[in-house]
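Just below is one structure, and these are the notes that go with it.
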Amino acid sequence: CHLNSVPKRNNYTWDRTGICDYVQAALYELCWQVVQGNLKLDLVASVLGDMMELRDDMPSILADVFSILDLETGALEEKNKRDHYTQLVGACLFFVPETILKERLDPETLESLGLIKQAHQFNQKIVKIKTKLFYKQQKFNLLREENEGYAKLITELGQDLSGNITSHLILESIKSLIGCFNLDPNRVLDIILEVYESRSDQDVFFLSLIKSYMCEPLTLCHILGFKFKFYQEPNEETPKSLYHIAAALLHHNLIELEDLYVHLMPLDAAIIEEHKRDISEAKQIARKLVMVVLPSEKSEDKEKEKEKEEEKNEKPPDNQKLGLLEALLRIGDWRHAQSIMDQMPSFYATSHKAIALALCRLVHLTVEPLYRRAGVPKGARGCVMHPLRNKGAPPPAESFEELRRDTFSMLCYLGPHLSHDPILFAKIVRLGKAFMKEETLLSCFLSIADQVLLPSLSLMDCNACMSEELWGLFKLFPYQHRYRLYGQWKNETYSSHPLLVKVKAQTVERAKYIMKRLTKENVKQSGRQIGKLSHSNPTILFDYMLSQIQWYDNLIVPVVDSLKYLTSLNYDVLAYCIIEALANPEKEKMKHDDTTISSWLQSLASLCGSVFRKYPIELAGLLQYVTNQLKAGKSFDLLILKEVVQKMAGIEITDEMTSEQLEAMTGGEQLKAEGGYFGQIRNTKKSSQRLKDALLDHELALPLCLLMAQQRNGVVFLEGGEKHLKLVGHLYDQCHDTLVQFGGFLASNLSTEDYIKRVPSIDILCNQFHTPHDAAFFLSRPMYAHQILSKYDELKKAEKGNRQQQKVHKYVAACEQVMTPVHEAVVSLHPARVWDDLRPQFYATFWSLTMYDLAVPHSAYEREVNKLKAQIKAIEENPEMPLNKKKKEKERCTALQEKLQEEEKKQLEHVQRVLHRLKLEKDNWLLAKSTKNETITKFLQLCLFPRCIFSSIDAVYCARFVELVHQQKTPNFCTLLCYDRVFSAIIYTVASCTENESHRYGRFLCCMLETVTRWHSDRAVYEKECVNYPGFLTIFRATGFDGGNKADQLDYENFRHVVHKWHYMLTKASVHCLETGDYTHIRNILIVLTKILPCYPKVLNLGQALECRVHKICLEEKDKRPDLYALAMGYSGRLKSQKVHMVPENEFHHKEQPARSATPASQQNGPGSTGKPSTSTSKTEEGTSEDGDRGKEKSQGTTKPVNKANSAAAKVTTSNGNGALNSTKAVKERDDKEKIVKEKKEKKDKTPGSTPETKAENRREKQRDERAGKEDRVAREGKEKTPKADREKVKAEEKNNKDDKTKAGNGEPMDPSRERDTIKESKNKEKGDRIAVAGSLKSPVPRSESAESERDHKRRKLDSHSSPSHSSSVKVSMA
């Protein structure tokens, strides 16, 4: 309770002495209260007695308190307080020993307590004792004074110790000598150490002797320190024996390292300073190697270096700390050695070879048992190492877990200096390989690889074996771990040590030397030098080589050839360096003009393709990099994937294919390889397999496809941003082409099971992964083909039958089983109203077939077979070729020939099966729920246009499919309407294409024109392929097509008029695009025109119009846009060469000769009348085109535009001042009909009527007049009336057109602005001549809303108009 009176002081610390201080203060306060008289003596004495049991040292603490109070009370004047103090001490004599009190209290106090007799005598006795202890010297005999005793001592220590002599016996003799001759004990200890130093092999004896002899470790440490100090003078060398005995004494704990360390030189501060100096010197040397130095400066530098070398030759004092460290390592004392190395900078100690070798030896001994058990390769014997006899050395590791204990830390201290011992390097690597098979210490081995193995490899001198050994370990790591190691090695390791800094600089200098001299001629010699340099420092070498390739792309070929001497590890490092160079954030991937991809990226992409194809480098990292870039919305790096696939798989993607190549691409795989590519595709089997394996192992095949498909739109809408339109188009093309190329690679290289397992169904692709429909079907198409063939083979095996008919039925059954789920899946891709016109079956059939399914390229097969026959003949006629080589080549060519013939036969059977299947399906393809116009619109929008610009082969396929649908006599498919919509609406289609899409769209148009031209050129062909086909039906009956009424068909002459009109529309659209001045419009239309040149233009005046506009482009763009100028010049030259094949308009289609007073022929066909056929031509067309007009127009048949291209054409006309074609009501049609009748009568008066054509025309006019009368009645019954203002407007436009024509007919020159509008003016002229709907196809009005006769309900009519106009040539109406 009294302890509560102790004041709480903040300065008490509760460490080891904190409790003692607190108790002492409490006792002091308690005793002080007794001295003051505040507490009773008996009570306090009792409390103090009880407290003595709390701690053993409590009496000593209380004695200290009494000592303080003794001093304080002795100085007080109050005697009673002194008495209180004396009484308190007297009461405590029972539990405080007298000896303690005699030590602490004043002699007078002791005398008053009765503990001593007299204080004076006590003081005198104390002085005598202290003098004897501290001031009286004991004299010993030194060696020179008493040499006999020391001689006997040396004799005792130097005797033969092999007998029964023990350290105990010698110690007794030494004690006798010391006593007999009065020898100095410290000097005796020094002599013992000297003898031990000379007999360092007798560790056990001397250590036991010293341990028995000495009593103070500090004394022994001082003696050793004096010995080390003796050798700290310049040019003095500390003997190794001294280091050995010091290490032995430390190891056996006879001395403390901290006590000895202070006696060693140099100081730690001097060591740190030396290390910093070494690093700065190394960096300075590195800078000098990189800098360009003049010859005069070189000589000065050499002189300075000589001076420094001379200074270094002056030997500095020994580094005794390193000497002791080496000795400790040699005896296996890792604990003390580690303590010394911790005092020094990293790797400073091991940078000295002796220490590094000593530490390597210790690691050898540590890993030896485990290496013998798990690391020795089969067949290798090696040298067995015996363990140290020292029991205190680190124990050998028996398992991988025990490596953690000491071995890994030893290796980390060793660092890059493991290079001194390649054998240990190999052992560690082999243990790593064995560990990867057994246990899981991955992080430890990764750290060892990062801190030890790779830096050590950098310091090794061209050791390819170690590089391959290391790759054996690294290839077991995932590429992510390997690349992290390479990144650390390249970017951080070389700055950690002076030696590595120098090595890096030397490597760069050597790389520069080699690269300056590398050419195609000395690839072999330079390649060997590169190989030697790369074995040790591949990251530095490849970094410099890649930087040079980014500047000089002509180095790619020699560099790739020179890399054949690399090791497997070097190839892997090269892959990492390439990826790092590609991902360099400091490099811009666009050129400064922002319109093209930077040349450095193109060079690296080309290098990637060549290197990865030629050498066995893992592709996973590069493919993952491209995938990550696509995830981030960046498509620049698709160029890399494109190059890799092209080089490794031999799959080229180009829109510059010749027609022969394109034809070969529609055949089998063998025909594609032989005739479909620019380069001969050989030796890609292994590289294709490597690429396939990398994609499948890392599950990147489908993600890459989906990302590329999604990125196409991302390029435009997300990535485009501020980029130039030309660059956006280029990136879009690159993304699309790479998708096509990559998808083609997967389709041709993946097995059926792999492909089907990875590609989901079409609805999942589109709805869940948001893949565009064209890309989704592109990916799914090979899967459908695989599944159909597999099912077909199953059915053939199940029911054995060889008849062709049975095979066909089985094939159709297989198609139904495979495609029925697809038909159900595609329904979700579009709104329900789409399927009112197209059946899902038709939609899926269109998207699932390819050109391989539709036609056999017989001519391509024949061409390639003939080439092989010619090769065989050339081989036979070659006298220089050896016979065995002749035989091999002939066998190769013969085998290829047989393969091609077999492939052709196989494809022929396949095509026959497919055509039979289509013949069975065609009746269910198109529904008659809505108009032909709507059906064709959806077919174009959802099928034809998306696929025709997907690839060159798809462009040909689309044209061929349209022809096939026509040839199959597909119900409800209007071929005329389809072709008309394709040729009449190209302006905005062309304008919205990229450059490569323009190539493909042009090819599609060319194929469509080829078909049309074939029909146009020969009546017999037309009648065979078009007459009696529903696609050329001009009147659709309610009961369907019966084919019996020839009048329902479009005759040959009218078809020729229609073809002329299509050519005219193409001319009009082309001129419009050329005159816009927009880069994209001009470029795309020039590309399209170049593609369709074989089939268009065929009419002389249209060709002259194009020639005039293209010549104008050449003049305008010569200095502005050189790429447009080049395109225009190329097309202009080819157009001129085609001019000889052009014909006048009257030869192209039936056209009556004009009267003599009419416009001269030169005026008709010349550029002055561009785009505007003469009046008589139009009239002739009007007369002939009425041949198929049999029905009546609906009373409410309001015309509606159905596609943007046609309505856009109407807008163009409006913008040029020719008036908008807004009058589309029935009354307007009546007025137009009346005007036609009037003009026909005038024409009849001018033209002789004796010819058969005139008679036929008269009959047609009569029929037309009857029909016009009926239409007038219908128009008067209609609900809607055409406003009077509209009719007046149309008449005014017709008047203006007539004035213009009269002006042109009189030969008056037209100004450029009028000439530019000639094509557009013809629209208004044709408007006045006949009934035509501008910019649209007529859609029928529901029958319930029309007031028609019974006869009108039975027929549907197709009016064909051949004169050029903005309207579609085919007009569907319900009759």
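Position 1 is the first residue of the sequence; numbering continues from there. Quick caveat, the model's predicted, so the values are computed rather than measured.
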Could you check if a side-chain atom of [X] sits within less than 4.5 angstrom of a side-chain atom of [Y], using non-hydrogen atoms only?
| X | Y | answer |
| --- | --- | --- |
| L944 | V982 | yes |
| L1093 | Q1138 | yes |
| T850 | D954 | no |
| V911 | L854 | no |
| Y852 | T666 | no |
| P1097 | T1067 | no |
| V956 | R1003 | yes |
| F1004 | I949 | no |

Testing the basics here: between [X] and [Y], what is the closest heavy-atom pair and its distance to 0.1 Å?
| X | Y | answer |
| --- | --- | --- |
| L1086 | A1128 | CD1-N, 3.8 Å |
| L1135 | M1142 | CD1-CE, 3.7 Å |
| V1088 | S998 | CG2-O, 3.7 Å |
| D733 | N996 | OD2-N, 3.1 Å |
| C978 | F939 | SG-CE2, 4.2 Å |
| E1010 | C1095 | CG-SG, 3.3 Å |

Tell me, with the steps shown, if E995 and H730 meet side chain to side chain donor-acceptor pair (under 3.5 Å). CA-CA 7 Å; E995 184 174 358; H730 182 71; 5.7 Å; no
Looking at [X] and [Y], does any basic side-chain N land under 4.0 Å from a carboxylate oxygen?
| X | Y | result |
| --- | --- | --- |
| R1000 | D737 | yes |
| R1014 | E1025 | yes |
| E1117 | K1112 | no |
| E1147 | K1098 | no |
| R1109 | E1075 | yes |
| D1078 | R1083 | no |
| K867 | E864 | yes |

Between R1019 and K1024, does a side chain to side chain contact (heavy atoms under 4.5 Å, CB included) hold up when you go through it step by step? CA-CA 8 Å; R1019 182 186 292 271; K1024 178 183 177 183; over 6 Å; no
Output yes when a side-chain donor or acceptor of [X] lies under 3.5 Å from a complementary backbone atom of [Y], and no otherwise.
| X | Y | value |
| --- | --- | --- |
| Y1001 | N1084 | no |
| E862 | S859 | no |
| E1023 | N1028 | no |
| R1056 | F1148 | yes |
| Y1052 | H1016 | yes |
| Q661 | T658 | yes |

[atom1] of [X] to [atom2] of [Y]: how many Å apart, nearest 0.5 Å?
| X | Y | atom1 | atom2 | result |
| --- | --- | --- | --- | --- |
| C1073 | I1082 | SG | CD1 | 9.0 Å |
| I1092 | C1006 | CD1 | SG | 7.5 Å |
| L1124 | C1114 | CG | SG | 10.0 Å |
| E997 | S951 | CD | OG | 11.5 Å |
| I1113 | K1118 | CD1 | NZ | 15.0 Å |
| Q941 | I936 | CD | CD1 | 13.0 Å |

Tell me whether the rings of [X] and [Y] are parallel (<30°), tilted (30 to 60°) or perpendicular (>60°).
| X | Y | value |
| --- | --- | --- |
| H1060 | H1149 | parallel |
| Y957 | F846 | tilted |
| F778 | F950 | tilted |
| H1063 | Y1096 | tilted |

Is it true that the side chains of K1061 and S984 contain a donor and an acceptor less than 3.5 Å apart? yes
Side-chain H-bond candidate by donor/acceptor type, R1121 with Y1125, under 3.5 Å: no
When you look at V1012 and Y979, which way does the side chain to side chain contact (heavy atoms under 4.5 Å, CB included) test go after all the steps? CA-CA 9 Å; V1012 169; Y979 277 99; 3.6 Å; yes
Would the number of heavy atoms belonging to other residues, nucleotides or ligands and lying under 6.0 Å from NE2 of H1081 be above 12? yes
With ring pair (Phe, Tyr, Trp, His ring centres under 6.0 Å) as the criterion, how do Y1029 and H966 come out once you've worked through the C-alpha distance, each side chain's angles and the decisive distance to 0.1 Å? CA-CA 7 Å; Y1029 280 72; H966 164 74; 4.8 Å; yes
Could you list the residues that satisfy side-chain contact (heavy atoms from CB on, under 4.5 Å) with Q968, not counting sequence neighbours? L915, L918, K919, K922, L964, T970
Does the pair E663 and R863 meet the rule for a salt bridge (Lys or Arg N to Asp or Glu O under 4.0 Å), with working shown? CA-CA 11 Å; E663 187 181 15; R863 187 165 53 247; 3.4 Å; yes
Criterion ring pair (Phe, Tyr, Trp, His ring centres under 6.0 Å) against W1015, the qualifying member of W1062, Y1022, F1032: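 Considering W1062, Y1022, F1032, a ring pair (Phe, Tyr, Trp, His ring centres under 6.0 Å) with W1015 is found only for F1032.
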Walk me through it: do D774 and R947 pass the test side chain to side chain contact (heavy atoms under 4.5 Å, CB included)? CA-CA 6 Å; D774 55 351; R947 188 164 181 183; over 6 Å; no
Name all residues meeting the salt bridge (Lys or Arg N to Asp or Glu O under 4.0 Å) criterion together with E1107; count only those two or more places apart in sequence or in a different chain, and write none if there are none. K1139
Under the side chain to side chain contact (heavy atoms under 4.5 Å, CB included) criterion, do T1011 and R960 qualify, and how do the steps go? CA-CA 9 Å; T1011 305; R960 173 65 182 151; over 6 Å; no
